Amino acid sequence: MTHRPAVVVGVDGSEQAFTAAAWALDTAARHHMPLDVVHSWSIPLPPVGLGPAPVGLSDDRIRDAAQAVLDDVVSRLQATAPDVTINGSLYPGTPAAALLEAAEKATLVVVGSSGLDRMTEFILGSVTQQIVTHSPCPVAVVPAGEATEPGLETGRVVVGIDGSELSVDATRLAFEEASMRHAGLTLLHVWNAPEYDTAGIVMPDTLMLEEAHTDELRAMAETVAGLGEKYPDVQVEQRLRQGRPAKVLADASRGAALVVVGSRGHGGFKSMLLGSTSRSLLHHAQCPVLVVRPGTADS
Ligand SMILES: Nc1ncnc2c1ncn2[C@@H]1O[C@H](COP(=O)(O)OP(=O)(O)OP(=O)(O)O)[C@@H](O)[C@H]1O
Ligand SMILES: [Mg+2]
């Protein structure tokens, strides 16, 4: 791979971004990698037709203010982890462009689910959306708060598998993360009975469907059995649940160490950059979510 082994995190001065940076620092330390903290600055556009830009907004002053924000984050982080190499990088331009450029050389890019400009608790920030759909390496999205109440997968790494190629890539990363975090790993497959217009159609038996999905999960687990041998320290559970995949995955995120998914799965239109399961999970997850995009997971 051409990526430099570093974890990159984007900060904007918000507490939510600092939470993401602290999570990125912990992850970098576990991977024995440096952390690159990225902050971008740009000149605000003056309101059109309202005369000259406000006095005092020179390039230098804006850049200096941005540098101060970055220095503050780096020194707060460094105080908690003196042994980790932490670099601060200031980029001119938009945050998304800065992060995508930094991600070119990274192993993982980390962002908060929303930042300074957030509108509500659950809406994904626009920068985060751009990173998740365009990053050249896997992306971790860190939510603002703690889980409301711990769930069944507390402390574990959970990977959503639907049998797609990307969910196999996701499983590979999930094994690695579980091993690094000394956490158990749950292979979670969610199934749902198809909705039929019942007129004149014989509904498939639920038990039969459940059995079919149990076989499917077993087959998926066999596909990644080699990973179990590579990571013998990781305790693995296979879980089959019925319901809406995004809802079940969000529920599994309560108290989990990490949920790992592919950016795409089996369904959808080829041109879509993010499937509906991943998108909905990113809005509702209560723990960090690692999204694996095509061609970004190392073997
Ligand atoms: N039934 C499922 N059980 C567990 N995990 C799933 C399931 N469906 C999807 N996932 C996870 O979510 C990832 C993205 O799949 P998603 O369903 O969002 O995309 P898609 O199938 O391409 O599009 P869509 O389902 O919206 O048509 C998958 O790689 C997998 O990790
Ligand atoms: Mg799908």
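Each ligand, and each atom within it, is numbered from 1 in the order the structure gives. What you are looking at is a predicted structure, and each value in this text was computed from that prediction instead of being measured.
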**Q** Looking at R156 and E177, does any basic side-chain N land under 4.0 Å from a carboxylate oxygen?
**A**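 Judged by the 4.0 Å cut-off on N to carboxylate O distance, R156 and E177 do not form a salt bridge.
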**Q** Report whether V110 and M180 are members of the same hydrophobic cluster (ILVMFWY, side-chain heavy atoms less than 4.5 Å apart, transitive linking).
**A**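 No, V110 does not connect to M180 through the hydrophobic network.
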**Q** What is the nearest protein non-hydrogen atom to atom 3 (N) of ligand 1, stated with its residue, atom name and distance?
**A**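 Nearest neighbour among protein heavy atoms for atom 3 (N) of ligand 1, to 0.1 Å: V190 N, 2.9 Å.
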**Q** Test of understanding: given a 4.0 Å heavy-atom threshold, classify the contact between L188 and ligand 1 as side chain, backbone, both, or neither.
**A**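 It is the backbone that touches ligand 1; the side chain stays farther off.
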**Q** Within ligand 1, which atoms have a heavy atom of T277 less than 4.0 Å away?
**A**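 What qualifies from ligand 1 is 8 (N), 9 (C), 10 (N), 12 (O), 16 (P), 17 (O), 18 (O).
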**Q** Please determine if M272 has a nitrogen or oxygen closer than 3.5 Å to a nitrogen or oxygen of ligand 1.
**A**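 No; every N/O pair is 3.5 Å or more apart.
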**Q** Please confirm whether the backbone N or O of H266 pairs with a side-chain atom of D162, one donor and one acceptor, at under 3.5 Å?
**A**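 Flag set: sc D162 to bb H266 pair under 3.5 Å.
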**Q** Answer with yes or no whether S278 contacts ligand 1, where contact means a heavy atom under 4.0 Å from a ligand atom.
**A**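 Judged by the 4.0 Å heavy-atom criterion, S278 does count as contacting ligand 1.
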**Q** For side-chain contact (heavy atoms from CB on, under 4.5 Å), just list the numbers for V38 and V11, CA-CA rounded to whole Å, side-chain angles, deciding distance to a tenth of an Å, and then say yes or no.
**A** CA-CA 6 Å; V38 167; V11 297; over 6 Å; no
**Q** Examine the proximity of ligand 1 to V248 and report which part, side chain or backbone, both or neither, has a heavy atom under 4.0 Å away.
**A**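 It is neither; nothing of V248 touches ligand 1.
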**Q** Do me a favour and list the nearest non-hydrogen protein atom to atom 23 (O) of ligand 1 with residue, atom name and distance?
**A**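 Ranking protein heavy atoms by distance from atom 23 (O) of ligand 1, first comes G275 CA, 3.6 Å.
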**Q** Which residue and non-hydrogen atom of the protein lie closest to atom 8 (N) of ligand 1, and at what distance in Å?
**A**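 Residue, atom and distance for the closest contact: D162 CB, 3.6 Å.
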**Q** How does R264 reach ligand 1, by side chain, by backbone, by both or by neither, if only non-hydrogen atoms under 4.0 Å count?
**A**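 It is both parts that get close, each with some atom under 4.0 Å.
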**Q** Given G265, S276, G262, A252, identify the one with the heavy atom nearest to atom 15 (O) of ligand 1.
**A**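 Looking at heavy atoms only, G265 sits closest to atom 15 (O) of ligand 1.
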**Q** Is it the case that R181 and T27 place a side-chain donor and acceptor less than 3.5 Å from each other?
**A**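 Short answer, yes.
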**Q** With clusters defined by side-chain heavy atoms of hydrophobic residues (ILVMFWY) lying less than 4.5 Å apart, directly or transitively, does M220 cluster with L209?
**A**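 Same cluster.
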**Q** Can you tell which of G267, G163, A170, G160 gets a heavy atom nearest to atom 21 (O) of ligand 1?
**A**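 It is G267 that holds the nearest heavy atom.
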**Q** Do E153 and T186 have side-chain atoms, one donor and one acceptor, less than 3.5 Å apart?
**A**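 Judged by distance alone, the side chains do pair up.
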**Q** Considering non-hydrogen atoms of the protein only, which is the closest contact for atom 27 (O) of ligand 1, and what is the distance?
**A**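 For atom 27 (O) of ligand 1, the nearest protein heavy atom comes out as G268 N, 2.8 Å.
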**Q** Working note: V248 + L188, criterion side-chain contact (heavy atoms from CB on, under 4.5 Å); need CA distance, chi angles, decisive distance, verdict.
**A** CA-CA 9 Å; V248 176; L188 177 58; 4.3 Å; yes
**Q** Does an N or O from H266, backbone or side chain, lie closer than 3.5 Å to an N or O of ligand 1?
**A**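 Such a contact does occur with ligand 1.
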